[in-house]
Amino acid sequence: VQLQASGGGLVQAGGSLRLSCAASGGALSNYAMAWFRQAPGKERDFVAAITLRGGTTWQADSVKGRFTISRDNANNMVYLQMNMLRPEDTAVYYCAATSTPNNLLSSRNRRDPRKYDYWGQGTLVTVSS
């Protein structure tokens with residue numbers, strides 16, 4: 001499956017953005033999905049994850065209450081709604097898919113980029129203060 005992330009941009013602190021991840025070449029319903037982000041000079045960090053049908057989601061503590069992950073399997077899309085953005089949210093955001101949904105059941109595994117099989121190209125989010 002190929003993933004294409006979009007929706008990044010420049011926004012002021014306190015603002016909102018919605019990122020989209022479009023899948024092609026396969027049914028998204030076969031994959032558990034996640035968003036990661038990577039700031040300059042830092043490691044790729046887990047942001048949020050969602051199960052196959054969207055029944056369960058997880059968020060990193062740093063974004064809990066501000067970011068929401070969702071999916072639309074009928075249209076092969078995953079979203080990340082980001083509210084109350086902060087300058088420290090500035091990063092390249094990546095969507096990722098795993099063909100082993102059970103990986104998400106372990107906190108350690110769902111936060112590990114190596115557990116994901118497919119990655120989008122990333123979309124840059126810049127939050128100004």
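Values in this document were obtained by computation on a predicted structure and should not be read as measured data.
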Checklist entry - Would T57 and Q59 count as having a side-chain donor-acceptor pair, cut-off 3.5 Å? => result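 On atom types as modelled, these side chains qualify, holding a pair under 3.5 Å.
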Checklist entry - So, T100 side chain and N103 main chain: donor-acceptor pair closer than 3.5 Å or not? => result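 Checking the backbone N and O of N103 against the side chain of T100, no donor-acceptor pair under 3.5 Å is found.
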Next on the checklist: Suppose the criterion is side chain to side chain donor-acceptor pair (under 3.5 Å): which pairs have a residue in residues 16-29, not counting sequence neighbours?
Outcome noted: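 Matches after skipping sequence neighbours: S16-N83.
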Next on the checklist: Going by salt bridge (Lys or Arg N to Asp or Glu O under 4.0 Å), name the pairs with one or both residues in residues 53-79, residues two or more places apart or in two chains.
Outcome noted: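 As it turns out, the salt bridge (Lys or Arg N to Asp or Glu O under 4.0 Å) pairs with a partner in residues 53-79, which skip direct neighbours, are D61-K64, R66-D89.
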Checklist entry - Tell me the salt bridge (Lys or Arg N to Asp or Glu O under 4.0 Å) pairs involving residues 90-115, sequence neighbours left out? => result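 Listed by first then second residue: D112-R114.
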Next on the checklist: Which heavy atom of P113 sits nearest to which heavy atom of W119, and what is that distance?
Outcome noted: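 Looks like O-CZ2, 3.4 Å.
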Item to check | Which atom of A91 lies closest to which atom of A39, heavy atoms considered | outcome: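 Where A91 meets A39 most closely, the heavy atoms are CB-N, 3.8 Å.
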Checklist entry - Tracing side-chain links under 4.5 Å among I, L, V, M, F, W and Y, which residues wind up in one group with L85? => result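 V1, L3, V11, L17, L19, L28, Y31, M33, W35, V47, I50, V63, F67, I69, V78, L80, M82, Y93, Y118, V125, V127, all in the cluster of L85.
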Item to check | Residue pairs fulfilling disulfide bond (SG atoms under 2.5 Å apart) with at least one residue in residues 100-129, sequence neighbours excluded | outcome: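 Found none.
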Item to check | Within residues 100-129 or reaching into it, pairs that qualify as disulfide bond (SG atoms under 2.5 Å apart) - sequence neighbours excluded | outcome: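 Output for this query is empty, none listed.
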Please round to the nearest 0.5 Å and tell me the distance separating atom [atom1] of [X] and atom [atom2] of [Y].
X: N30; Y: T98; atom1: CG; atom2: OG1; answer: 11.5 Å
X: C95; Y: Q4; atom1: SG; atom2: CD; answer: 8.5 Å
X: Y94; Y: D45; atom1: OH; atom2: CG; answer: 12.0 Å
X: L52; Y: N73; atom1: CG; atom2: CG; answer: 8.0 Å

